[in-house]
Amino acid sequence: VQLQASGGGLVQAGGSLRLSCAASGRTFSSYAMGWFRQAPGKEREFVAAISWSGGSIYYADSVKGRFTISRDNAKNTVYLQMNSLKPEDTAVYYCAADFRPTWGSNYYYRHEYDYWGQGTLVTVSS
């Protein structure tokens with residue numbers, strides 16, 4: 001599976017960005033997807049996750065109500081709509097794919113995921 005994240009950039013606080021992650025190499029609708037982020041000097045942290053069907057969605061408390069994860073299985077793409085951005089959202093954002101049946105219990109755990117994209121930088125200025 002190859003994952004290509006895009007859509008990052010520089011935005012002012014309060015602004016919006018939409019990240020995309022295009023997948024190839026395996027049937028997209030067969031795996032769950034997640035978004036993680038890593039700020040300088042910090043560990044990679046969970047942001048949001050979505051099941052293969054889109055029927056189960058999870059968010060980190062820090063982004064709940066501001067970010068929306070979605071997927072289009074016909075386009076092999078998962079999205080992260082980010083609104084009301086804050087300077088503390090500044091990080092490299094990574095998409096990841098998970099084939100394991102344990103995803104439902106471990107969606108927030110980065111080691112649960114099998115494949116990772118290269119990351120896209122989001123910078124939020126104050």
Side-chain angles (χ1 to χ4, degrees):
V1 173
Q2 291 79 44
L3 303 174
Q4 181 72 39
S6 61
L10 174 63
V11 63
Q12 289 189 332
S16 298
L17 281 175
R18 188 176 81 155
L19 306 184
S20 300
C21 176
S24 61
R26 190 164 171 173
T27 305
F28 183 68
S29 59
S30 66
Y31 46 90
M33 296 293 296
W35 285 98
F36 288 73
R37 65 186 182 186
Q38 188 166 16
K42 294 188 177 181
E43 291 192 354
R44 194 169 298 188
E45 65 175 5
F46 169 73
V47 175
I50 187 168
S51 63
W52 66 271
S53 67
S56 295
I57 290 176
Y58 304 99
Y59 296 99
D61 288 343
S62 59
V63 307
K64 202 171 292 182
R66 300 188 298 121
F67 291 10
T68 302
I69 189 172
S70 62
R71 65 189 296 160
D72 185 338
N73 287 345
K75 295 183 177 180
N76 292 350
T77 302
V78 64
Y79 304 97
L80 186 68
Q81 177 67 44
M82 305 186 297
N83 299 329
S84 302
L85 282 162
K86 304 175 180 180
E88 51 263 44
D89 294 319
T90 295
V92 177
Y93 283 71
Y94 299 89
C95 58
D98 185 355
F99 298 93
R100 309 182 194 190
T102 51
W103 176 82
S105 299
N106 297 330
Y107 60 86
Y108 55 89
Y109 186 48
R110 66 181 187 270
H111 297 296
E112 168 71 21
Y113 292 79
D114 303 288
Y115 298 94
W116 291 83
Q118 86 288 0
T120 185
L121 177 63
V122 172
T123 303
V124 184
S125 63
S126 57

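All heavy atoms count here, side chains included; hydrogens, waters and symmetry mates do not.
Proximity of a side-chain donor or acceptor of Y107 to a complementary backbone N or O of E112 within less than 3.5 Å is not detected. Within the 3.5 Å criterion, the main-chain N or O of G25 finds no donor-acceptor partner in the side chain of N76. A donor-acceptor pair under 3.5 Å is absent between the side-chain atoms of Q4 and the main chain of G117, judged by distance alone. Between the side chain of Y58 and the main chain of V47, no donor-acceptor pair closer than 3.5 Å is present.
Taken together through direct or relayed side-chain contacts under 4.5 Å among Ile, Leu, Val, Met, Phe, Trp and Tyr, L17 and Y59 form part of one hydrophobic cluster. Residues V63 and I69 share a hydrophobic cluster, clusters being chains of Ile/Leu/Val/Met/Phe/Trp/Tyr side chains in contact below 4.5 Å.
Residues that satisfy the ring pair (Phe, Tyr, Trp, His ring centres under 6.0 Å) test with Y115, not counting sequence neighbours, are F99. S24 is linked by a side-chain hydrogen bond (donor to acceptor under 3.5 Å, both in side chains) to Q2, counting only residues two or more places apart in sequence or in another chain.
The structure places CZ of F28 at 8.5 Å from CG of L3, a figure rounded to the nearest 0.5 Å. The structure places CG of L19 at 8.0 Å from CZ of F67, a figure rounded to the nearest 0.5 Å.
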Derivation and outcome, side-chain contact (heavy atoms from CB on, under 4.5 Å), residues W103 and Y113: CA-CA 8 Å; W103 176 82; Y113 292 79; 3.0 Å; yes

Residue pair W116, F36: steps toward the ring-ring contact (aromatic ring centres under 6.0 Å, His included) verdict: CA-CA 10 Å; W116 291 83; F36 288 73; 5.1 Å; yes

Enumerate, atom names and distances included, each donor-acceptor pair closer than 3.5 Å involving a side-chain atom of residues 88-97, sequence neighbours excluded.
residue : atom : partner : partner atom : Å
D89     : OD1  : R37     : NH1          : 2.9
D89     : OD1  : R66     : NH2          : 3.0
D89     : OD2  : R66     : NH1          : 2.7
D89     : OD2  : R66     : NH2          : 3.4
D89     : OD2  : K86     : N            : 2.8
T90     : OG1  : P87     : O            : 2.9
T90     : OG1  : V124    : N            : 2.9
T90     : OG1  : V124    : O            : 3.4
Y93     : OH   : R37     : NH1          : 2.9
Y93     : OH   : D89     : O            : 2.6

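When the shell of 6.0 Å around NZ of K42 is examined, it contains 12 or fewer heavy atoms from other residues, nucleotides or ligands.
Counting heavy atoms from C-beta on, the side chains of D114 and Y31 never come closer than 4.5 Å.
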